[in-house]
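Here is how names work: the chains are called A, B, and so on, in the same order as the sequence lines, proteins then strands, and each is numbered from 1. Side-chain atoms are counted along with the backbone in the values below, which use heavy atoms only and exclude waters and symmetry mates.
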Amino acid sequence: MAGLKKDHNCGELRITDCGKQITVMGWVQRRRDHGGLIFIDLRDRFGLLQVVFNPESGAETFSRAESVRNEYVLAITGVVGARPKGTVNANLTTGEVEVYATELRILNKAKTPPFYIEDNLEADEMVRLKYRYLDLRRPVMQQALILRHKIAFAMREFLNQRDFLEVETPILTKSSPEGARDYLVPSRVHPGEFYALPQSPQLFKQMLMVSGIEKYFQVARCFRDEDLRADRQPEFTQLDIEMSFVDREDILALMEEMMVYIFAKTMNTTIKTPFARLTYAEAMGVYGSDKPDLRFGLKLVDIGEIAAQSDFKVFASVVNNGGQVKGINAVGCAKYSRKEIDELTNFVAIFGAKGLAYIQMTEEGPKSPIAKFFIPEQLTAICQKMNAKTGDLLMFVADEPMVVAESLGHLRVEIAKREGLIDPEEFNFCWVVDFPLFEYNTDEKRWVAMHHPFTSPMEEDVKYLLSDPGKAKAKAYDMVLNGVELGGGSIRIYDKKVQEQMFAAISMDPAEARGKFGYLLDAFEYGAPPHGGIAFGLDRMTMLLAKKNTIRDVIAFPKTQSATCAMMQAPSLVDAKQLRELYIKTTVPEK
RNA sequence: GGAACUGUGGUGUAGCGGUUUAACAUGCCGGCCUGUCACGCCGGAGAUCGCGGGUUCGAUUCCCGUCAGUUCCGCCA
């Protein structure tokens, strides 16, 4: 930098700085060359600053300014001055001042970037990811990273104030049979053996409780080798928390306080506590989701009883076979065309619904292809139950409970989006509690833990662990924000006997349990305290607060949907020598 | 593993329901310009329309396959 020192940031200069001689460094946002007068907007992380070059700048400096192009890296020394009357730019925080350059050094030249370095650009995401270092120069991207930093910092601040200890846990760890697919790392020292990257620090944090840490947290990187989504990346960051000597209410209350703190520090807003609370059964029954979006209504209404008595065989037989018939009232949507209803029918088919029955509430009364199967009293009863008025559209799905929930649960969100029922400024939190302890896996023909196999059953349900697993409820809870699962946790098992029963319930024989989790069972014999915890998705939280549609926009270097890094071209083939050292032979089929 | 959508100069788009010199904006290059801030004006370069095959006299356009991206289902304790 040839002896120059950046003594001011571009974005920080104000009218009160007039007269100062300063040196700024940054990137050329734009050059406006008027022949005898050149303006350069210089950009750094803190903002934009207009620099003026005129003949008084000196011939050499002026001609150098003529050669400057976008994204060149410059060091400029000059004097801050007030802009002449009528040339103030209200769109810039530095719009009242400009710098009269006396010296210009080109610290580095730049090729023309493949896309504009500015907000609101609509470049192809693949191009943005390939040139992520340029994409991240855009102020909106930097704001997202800044917000992410503030959130993580507020978390640390809050937990530190509450006596929590941040402890790091291993990245090279042991593969576990339950849960997501593991990323594996071959061991050179132990031929044929593998480490796994952690899906979460779950067992380590429980061990830390046995160690007497009492209050632990970690901003932990987690890895799951599963397919990606807009809100799912193969590596992601969790705020992982665990506490000893607490019950569910202690944790929920503390986490609400933490969210209040985070929102105060990062969004400058006050959020209301306590959060709404729903049981899993309520959430599924009324909203068709275990992560309900409570910003709008469109609740699911059960019309099974009426449907069972109708002549509509499709409905009646579903009810008689233990299924459900439920509907939602899309208020004011009777205007929907046949085409739109077909679209919605295709939409619910994604979730397994075999059809979408509907009733349009017209001026002439209920109009529907299925109306003829109902006597007037039944139609009236349905309309009454669903609070239907002229202009509304009632839509129904009849199927097994899970299909009804999922299809109508997604449909209500789709209708809310189409009808603009969602206030984008609202942050609506709730807790979902009382999850089932198990769910039945039809492929593996066994019960599996819904949360994870270290989750404590409700005391009164311990007796069902082996006799009637489907009946057991868990001391588990999820925090939900605007229909997105922000975090989840549970009170853990700390009793060796209960833990052994748990393993037995998921059809893990004692020898296997010993082999996989022997250290946990051992630890429980040395004075394990009652404990529980929770983990939050930092990426998702940042996405919601930044009002982005994908977590890729709040991750510096995210993966594409096929789990590749567009910038580094990972994953990649490696040298045969590397494979030999690891005793690995690949068996990729020839195309 | 499956479904849908997308792929045209550097970037963002248009196009033709078969035959065009492939259009527009912006960016880029050159020239002019002392108050602009998405500066302006003049001129110029830049695309075998993702890839492969098929139909046809002729394909950017129609069909099939493939690759890549995105969204979703499955999967994600």
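A distance of about 27 Å separates the C1' atoms of B/A14 and B/G52, rounded to the whole Å. B/C24 and B/G46 have their P atoms separated by 15 Å, with the value rounded to a whole Å. Between B/U19 and B/C62, the two P atoms lie 11 Å apart (nearest whole Å). Here the separation of B/G9 from B/U48, taken at their C1' atoms, is 12 Å to the nearest Å. One C1' atom belongs to B/C29, the other to B/G10, and the distance between them is 13 Å to the nearest Å.
For residues 402-415 of chain A, the set of pairs meeting the salt bridge (charged side-chain N to carboxylate O under 4.0 Å, His left out) definition, not counting sequence neighbours, comprises A/Glu414-A/Arg418.
Of all heavy-atom pairs between A/Ala505 and A/Trp447, the closest is O-CB, 3.8 Å.
Proximity of A/Gln501 to A/Val462: side-chain heavy atoms (C-beta onward) are separated by under 4.5 Å at one or more points. In this structure, the side chains of A/Pro558 and A/Thr550 stay at 4.5 Å or more apart for every pair of heavy atoms. Put simply, the side chain of A/Ile555 does not reach to within 4.5 Å of the side chain of A/Phe236, judged on heavy atoms.
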Just do the side-chain contact (heavy atoms from CB on, under 4.5 Å) check on A/Tyr216 and A/Met243 with the steps written out, would you? CA-CA 6 Å; A/Tyr216 144 93; A/Met243 304 167 74; over 6 Å; no
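Remark: C1' of B/A25 and CD of A/Glu122 are 13 Å apart, rounded to the nearest angstrom. One interatomic measurement links the two molecules: CD of A/Glu178 to P of B/C76, which rounds to 10 Å at whole-angstrom precision. Between the P atom of B/U36 and the CG atom of A/Asn54 lies a distance of 15 Å, rounded to the nearest Å. In this structure, A/Asp182 atom CG and B/C75 atom C1' are separated by 14 Å, rounded to whole Å. Atom CZ in A/Phe39 sits roughly 15 Å away from atom C1' in B/A38 (whole-Å rounding). Atom P of nucleotide B/C75 and atom CG of A/Asn441 are separated by 8 Å, given to the nearest angstrom. Between the C1' atom of B/A4 and the CD atom of A/Glu414 lies a distance of 14 Å, rounded to the nearest Å. Rounded to a whole Å, the CZ atom of A/Arg224 is 10 Å from the P atom of B/C76.
Distance from the side chain of A/Ala123 is smallest to B/U11 among B/C37, B/U11, B/C75. For A/Leu37, the listed nucleotide lying nearest its side chain is B/U34; candidates were B/U34, B/C37, B/U36.
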Identify each atom pair where a protein N or O and an N or O of nucleotides 7-10 of chain B are less than 3.5 Å apart, giving names and distance.
unit_1 : atom_1 : unit_2   : atom_2 : d
B/G10  : O2'    : A/Pro114 : O      : 3.1
B/G10  : N2     : A/Tyr116 : OH     : 3.4

Atom pairs under 3.5 Å, N or O on each side, protein against nucleotides 39-41 of chain B: can you list them with distances?
unit_1 : atom_1 : unit_2  : atom_2 : d
B/C39  : OP1    : A/Arg30 : NE     : 3.0
B/C39  : OP2    : A/Arg32 : NH1    : 3.2
B/C39  : N4     : A/Asp33 : O      : 2.4

Which atom pairs link the protein and nucleotides 68-73 of chain B when you take only N or O atoms and keep those under 3.5 Å?
unit_1 : atom_1 : unit_2   : atom_2 : d
B/G69  : OP1    : A/Thr560 : OG1    : 3.2
B/G69  : OP1    : A/Ser562 : OG     : 3.0
B/G69  : OP2    : A/Ser562 : OG     : 3.2
B/U70  : OP1    : A/Gln561 : N      : 3.1
B/U70  : OP2    : A/Gln561 : N      : 2.7
B/U70  : O3'    : A/Arg552 : NH2    : 3.1
B/U71  : OP1    : A/Arg552 : NH1    : 3.0
B/U71  : OP1    : A/Arg552 : NH2    : 2.9
B/U71  : OP2    : A/Arg552 : NH1    : 3.4
B/U71  : O4     : A/Gln561 : OE1    : 3.3
B/C72  : OP2    : A/Ala230 : N      : 3.1
B/C73  : OP2    : A/Arg229 : NE     : 3.0

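Below the 3.5 angstrom threshold, one finds a donor paired with an acceptor across the side chain of A/Glu98 and the base of B/G35. Between the base of B/U36 and the side chain of A/Gln50 there is a donor-acceptor pair shorter than 3.5 Å.
When Watson-Crick and G-U wobble pairs are counted only if both distances are under 3.5 Å, B/G65 pairs with B/C51. The pairing partner recorded for B/A3 is B/U71, the criterion being a Watson-Crick or G-U wobble arrangement whose two distances lie under 3.5 angstrom. Under the Watson-Crick and G-U wobble criteria, each requiring two contacts below 3.5 Å, nucleotide B/G17 is left unpaired. Under the Watson-Crick or G-U wobble criterion, with both distances below 3.5 Å, B/C28 is paired with B/G44. A 3.5 Å limit on both hydrogen-bonding distances identifies no Watson-Crick or G-U partner for B/G9.
Using a cutoff of 4.0 Å between basic side-chain nitrogens and carboxylate oxygens, A/Lys130 and A/Asp124 are not scored as salt-bridged. One finds a salt bridge joining A/Asp399 and A/Lys354 here, because a Lys/Arg side-chain nitrogen approaches an Asp/Glu carboxylate oxygen to under 4.0 Å. For A/Glu444 and A/Arg446, the salt-bridge test passes: some basic side-chain N is under 4.0 Å from an acidic carboxylate O. A salt bridge is defined here as a Lys NZ or Arg NE, NH1 or NH2 lying under 4.0 Å from an Asp or Glu carboxylate O, and A/Glu178 with A/Lys516 fails to meet this definition. Ionic pairing of A/Asp41 and A/Arg32 is present here: one or more N-O contacts between side-chain nitrogen and carboxylate oxygen are shorter than 4.0 angstrom.
For the segment residues 60-72 of chain A, residues with any heavy atom less than 4.0 angstrom from an atom of RNA chain B are, sorted by number, A/Arg69, A/Asn70. Non-hydrogen atoms lying under 4.0 Å from RNA chain B are contributed by nothing in residues 336-344 of chain A.
With sequence neighbours excluded, the residues forming a side-chain hydrogen bond (donor to acceptor under 3.5 Å, both in side chains) with A/Glu103 are A/Arg105, listed by chain and number. By the ring-ring contact (aromatic ring centres under 6.0 Å, His included) test, A/Phe347 is found to be paired with A/Phe351, residues two or more places apart in sequence or in another chain being considered. With sequence neighbours left out, A/Phe517 forms a ring-ring contact (aromatic ring centres under 6.0 Å, His included) with A/Phe454, A/Phe503. Evaluation of the ring-ring contact (aromatic ring centres under 6.0 Å, His included) rule for A/Phe39 yields A/His34 as partners, not counting sequence neighbours. Partners of A/Asp135 by salt bridge (charged side-chain N to carboxylate O under 4.0 Å, His left out), not counting sequence neighbours, listed by chain and number: A/Arg128, A/Arg132, A/Arg138.
Using a 4.0 Å heavy-atom distance criterion, A/Asn89 is classed as a base contact.
Going from atom OG1 of A/Thr94 over to atom CD1 of A/Ile15 covers 11.0 Å, rounded to the nearest 0.5 Å.
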For residues 534-541 of chain A, which side-chain donor-acceptor pairs fall under 3.5 Å, sequence neighbours excluded?
unit_1   : atom_1 : unit_2   : atom_2 : d
A/Asp539 : OD1    : A/Arg148 : NH1    : 2.9
A/Asp539 : OD1    : A/Arg148 : NH2    : 3.0
A/Asp539 : OD2    : A/Thr237 : N      : 2.9
A/Arg540 : NE     : A/Asp231 : O      : 3.2
A/Arg540 : NH1    : A/Glu485 : O      : 3.2
A/Arg540 : NH2    : A/Asp231 : O      : 3.4

